[in-house]
S.K.: 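Just passing along the structure, written as structure tokens.
Quick caveat, the model's predicted, so the values are computed rather than measured. Residue numbers start from 1 in every chain, and the chains themselves are labelled A, B, ... in the order their sequence lines are given, proteins ahead of strands.
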Protein chains: 2
Amino acid sequence: MEGGEAVILPVEQLLPDRAPLATLWVRLAAGLEDAVTSGALPPGARLENEIALSERLGVSRPTVRRAIQELVDKGLLVRRRGIGTQVVHGSVARQIELTSLFDDLASAGKVPGTRVLELAKVPATPLVATQLGVAPEAEVLRIRRLRLADDVPLAVLQNYLPPALADLDEQELADAGLYGGLRSRGVVLRVARQRIGARKATNEEARLLDLTRGAPVLTMDRTAYDADGAAVEYGHHCYRPDLYSFEMTLVDR
Amino acid sequence: MEGGEAVILPVEQLLPDRAPLATLWVRLAAGLEDAVTSGALPPGARLENEIALSERLGVSRPTVRRAIQELVDKGLLVRRRGIGTQVVHGSVARQIELTSLFDDLASAGKVPGTRVLELAKVPATPLVATQLGVAPEAEVLRIRRLRLADDVPLAVLQNYLPPALADLDEQELADAGLYGGLRSRGVVLRVARQRIGARKATNEEARLLDLTRGAPVLTMDRTAYDADGAAVEYGHHCYRPDLYSFEMTLVDR
DNA sequence: TAGTGGTCTAGACCACCTG
DNA sequence: AGGTGGTCTAGACCACTAC
């Protein structure tokens with residue numbers, strides 16, 4: 001392959017002042033990411049070596065390494081001992097945008113929408129009680145929403161909040177969304193476990209999502225925990241598989 | 001919550017000699033992970049602070065931090081400034097094992113099996129050519145396998161290899177598996193993009209997986225790249241959703 | 001005020017790759 | 001042999017949390 005000469009970019013491009021409150025390595029990572037996505041560092045281009053870069057930027061080598069590692073984790077850069085650091089070749093960097101169904105819906109002209117179907121306190125089922133770590137039959141808040149994109153139904157979202165957070169009202173939900181409402185209550189999410197699967201749509205889901213009875217749906221179950229390890233939210237979501245899929249980049253370390 | 005006194009574990013437990021070739025931080029991370037999963041560090045337990053730990057172990061603080069970070073990323077530990085580092089509370093650490101359908105199949109008494117359905121050179125379809133970055137109609141190797149667990153059909157795996165790797169034979173595939181065969185050819189995987197979705201089973205898939213016609217299947221598409229950014233493999237896999245799901249832990253940074 | 005993790009520095013030595 | 005990233009050290013200062 002061959003990267004040829006290393007590409008030298010100006011310091012002010014690599015360390016943008018955009019977010020002066022961010023840490024050094026975050027700023028550097030942002031500068032590098034922009035350089036890659038803008039094409040200033042085209043696919044296959046070689047970066048300066050870490051030591052030269054750290055001297056030119058006036059930061060230490062571990063700081064440079066941390067920024068580069070961030071982009072390696074995102075799949076934009078590749079590092080090889082004895083070789084150097086390169087922008088990932090060819091299609092990968094571009095493909096991320098092309099095939100991004102997820103982002104398509106959030107941006108790209110699609111108008112996201114939400115319809116609240118239910119917001120009620122109900123006794124916890126055994127599954128919900130287990131997931132939230134509360135007593136069986138404890139009063140939890142059940143939220144059911146229909147998510148739309150361009151007025152096309154995309155997903156049925158069913159969430160449960162533990163008793164301590166069960167006072168969320170519809171106004172807050174509409175204004176800030178579920179996670180926004182939690183955040184304004186001082187809840188800080190730290191860890192989540194999720195599982196992605198598939199099954200037949202229930203009759204109600206088929207009706208809401210405009211599918212035929214028994215059509216496949218993509219499901220995602222998630223339990224989120226705050227800094228204390230207390231369960232904050234359990235959700236069972238169900239997506240129209242022709243309009244939604246989960247994408248991710250895996251990086252070898 | 002409250003973590004109380006920090007739990008002090010012996011140095012030899014935290015830095016096991018098991019893998020003396022591994023790096024320091026990997027060994028420490030392994031020692032800590034064992035302490036958590038074995039219960040020596042029960043849920044909610046507080047670790048020694050980083051400086052005390054580094055002095056007692058005779059390693060530097062960044063090394064301790066890197067090991068701890070690894071476990072934070074795995075969702076086993078939680079760090080908070082001014083507070084300390086704790087084992088994730090309650091159900092999380094345990095739940096990871098309980099709900100691990102993925103690991104259940106690889107271990108836990110299940111006997112994994114594979115049946116090669118096809119191993120043939122075929123002209124690349126437009127999709128495959130795009131994914132592998134080869135010319136349309138180029139000769140690629142198509143591999144179709146049925147994956148079994150305890151003789152129950154679990155998934156249909158369909159993989160494509162580019163012309164340069166199309167000489168993989170059935171013996172190698174049986175002995176080392178697909179990724180093993182690639183590795184023995186000197187291929188090092190670095191990055192992969194994957195997408196998880198759902199759809200109806202084709203009639204053939206339904207027959208192979210012992211499903212009714214049109215039943216839902218869980219699908220995973222993956223394109224893997226080597227260090228040069230060249231596509232090494234494209235796969236379209238399709239799983240029985242009642243026997244398989246994808247699990248992951250998300251960590252806030 | 002005391003203690004914690006979060007960030008950053010300035011260097012050292014090593015393992016690996018290319019010529 | 002020379003250059004690259006990979007690992008590790010020994011320290012500094014800061015921001016946040018508890019008391």
S.K.: Given the rule in the side chain to side chain contact (heavy atoms under 4.5 Å, CB included) test, do B:R46 and B:E5 qualify, once you have shown the distances and angles that lead to the verdict?
M.R.: CA-CA 7 Å; B:R46 241 188 62 222; B:E5 281 291 299; 6.0 Å; no
S.K.: Measure from the side chain of B:R81, starting at C-beta and using heavy atoms only, and say which of C:dT4, D:dA10, D:dG5 lies closest.
M.R.: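 Nearest to the side chain of B:R81 among the choices is C:dT4.
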S.K.: Remember a base hit wins even if backbone is also touched, and classify A:R66 as base, sugar-phosphate or nothing at under 4.0 Å, heavy atoms.
M.R.: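 Counting heavy atoms under 4.0 Å across all strands, the contact made by A:R66 is with sugar-phosphate only.
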S.K.: Would you say the side chains of A:N159 and A:R222 form a donor-acceptor pair under 3.5 Å?
M.R.: no
S.K.: Is the phosphate of D:dA10, meaning OP1 or OP2, less than 4.0 Å from a side-chain N or O of B:R61?
M.R.: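 No, B:R61 has no side-chain N/O under 4.0 Å of OP1/OP2 on D:dA10.
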S.K.: Round to a whole Å and report the spacing from CD of A:E48 to P of D:dG5.
M.R.: 10 Å
S.K.: Less than 3.5 Å apart, any donor N or O on the side chain of A:R79 or A:Q86 sitting next to an acceptor on the other?
M.R.: no
S.K.: Between A:P163 and A:E139, is there a side-chain heavy-atom distance shorter than 4.5 Å?
M.R.: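 The answer is no, as the side chains (C-beta and beyond) never meet within the 4.5 Å cut-off.
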S.K.: When the distance from CZ of A:R65 to P of D:dT7 is rounded to whole Å, what number comes out?
M.R.: 7 Å
S.K.: Establish, with yes or no, whether the OP1 or OP2 oxygen of D:dT9 is under 4.0 angstrom from a side-chain nitrogen or oxygen of B:T63.
M.R.: yes
S.K.: How many whole angstroms separate atom CD of B:Q86 from atom P of C:dT4?
M.R.: 13 Å
S.K.: Taking only the side-chain heavy atoms of A:L24 (C-beta and beyond), determine which of C:dT9, D:dG5, C:dG6 contains the nearest atom.
M.R.: C:dT9
S.K.: Starting at the 5' end of DNA chain D, which residue's closest nucleotide do you reach first, A:G82 or A:P62?
M.R.: A:G82
S.K.: A:I68 has an atom CD1; how far is it from atom C1' of D:dT4, in whole Å?
M.R.: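 In whole Å, D:dT4 C1' and A:I68 CD1 are 11 Å from each other.
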S.K.: Report the stems of DNA chain C as range-with-range entries sorted by first number; a stem here is at least three consecutive pairs, Watson-Crick or G-U wobble, both distances under 3.5 Å, and write none if there are none.
M.R.: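 For DNA chain C the paired stretches long enough to count as stems (3 pairs minimum) are C:1-18 with D:1-18.
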S.K.: I want to verify a distance call: between C:dT9, D:dA15, D:dT7, whose nearest atom is closest to the B:T23 side chain?
M.R.: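 Per side-chain heavy atoms of B:T23, the pick is D:dT7.
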S.K.: I want to check one thing: is the phosphate of C:dT4, taken as OP1 and OP2, less than 4.0 Å away from some side-chain N or O of B:N49?
M.R.: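 So the side chain of B:N49 is within the cut-off, an N or O lying under 4.0 Å from OP1 or OP2 of C:dT4.
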S.K.: If I take atom CG in residue B:L47 and atom P in nucleotide C:dG5, what distance separates them, rounded to the nearest angstrom?
M.R.: 9 Å
S.K.: I would like to know whether B:T114 and B:R147 meet side-chain hydrogen bond (donor to acceptor under 3.5 Å, both in side chains); could you show each step before the answer?
M.R.: CA-CA 5 Å; B:T114 303; B:R147 180 81 75 190; 2.7 Å; yes
S.K.: Is there a side-chain hydrogen bond (donor to acceptor under 3.5 Å, both in side chains) between A:E233 and A:Y225 once you walk through the steps?
M.R.: CA-CA 7 Å; A:E233 176 248 346; A:Y225 304 86; over 6 Å; no
S.K.: Round to a whole Å and report the spacing from CD1 of A:I51 to C1' of C:dG11.
M.R.: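 In whole Å, C:dG11 C1' lies 10 Å from A:I51 CD1.
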S.K.: Could you pick out which residue, B:G84 or A:V26, lies toward the 5' side of DNA chain C when each is mapped onto its nearest nucleotide?
M.R.: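 That would be B:G84.
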S.K.: Look at the side chain of B:R80 and the base of C:dG6, then say whether one donor and one acceptor between them are separated by less than 3.5 Å.
M.R.: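 Side chain to base: no pair present.
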S.K.: Rounded off to whole Å, could you give me the CD-to-P distance for the B:E50 and D:dA10 pair?
M.R.: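 Going from B:E50 (CD) to D:dA10 (P), I get 16 Å.
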S.K.: Is B:T85 near enough to C:dT4 that one of its side-chain N or O atoms lies under 4.0 angstrom from OP1 or OP2?
M.R.: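 It does not, given that no N or O in the side chain of B:T85 lies less than 4.0 Å from OP1 or OP2 of C:dT4.
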S.K.: State whether B:R79 places a side-chain N or O below 4.0 Å from either non-bridging phosphate oxygen (OP1 or OP2) of C:dG6.
M.R.: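 Yes, B:R79 has a side-chain N/O under 4.0 Å of OP1/OP2 on C:dG6.
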S.K.: Between B:D17 and B:R27, is the closest basic N to carboxylate O distance under 4.0 Å?
M.R.: yes
S.K.: Do the non-hydrogen side-chain atoms of A:Q158 and A:I143 ever get within less than 4.5 Å of each other?
M.R.: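 When only atoms from C-beta onward are counted, A:I143 and A:Q158 do not touch, as no gap falls below 4.5 Å.
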S.K.: Expressed as a whole number of angstroms, how long is the span from B:L77:CG to C:dG5:C1'?
M.R.: 13 Å
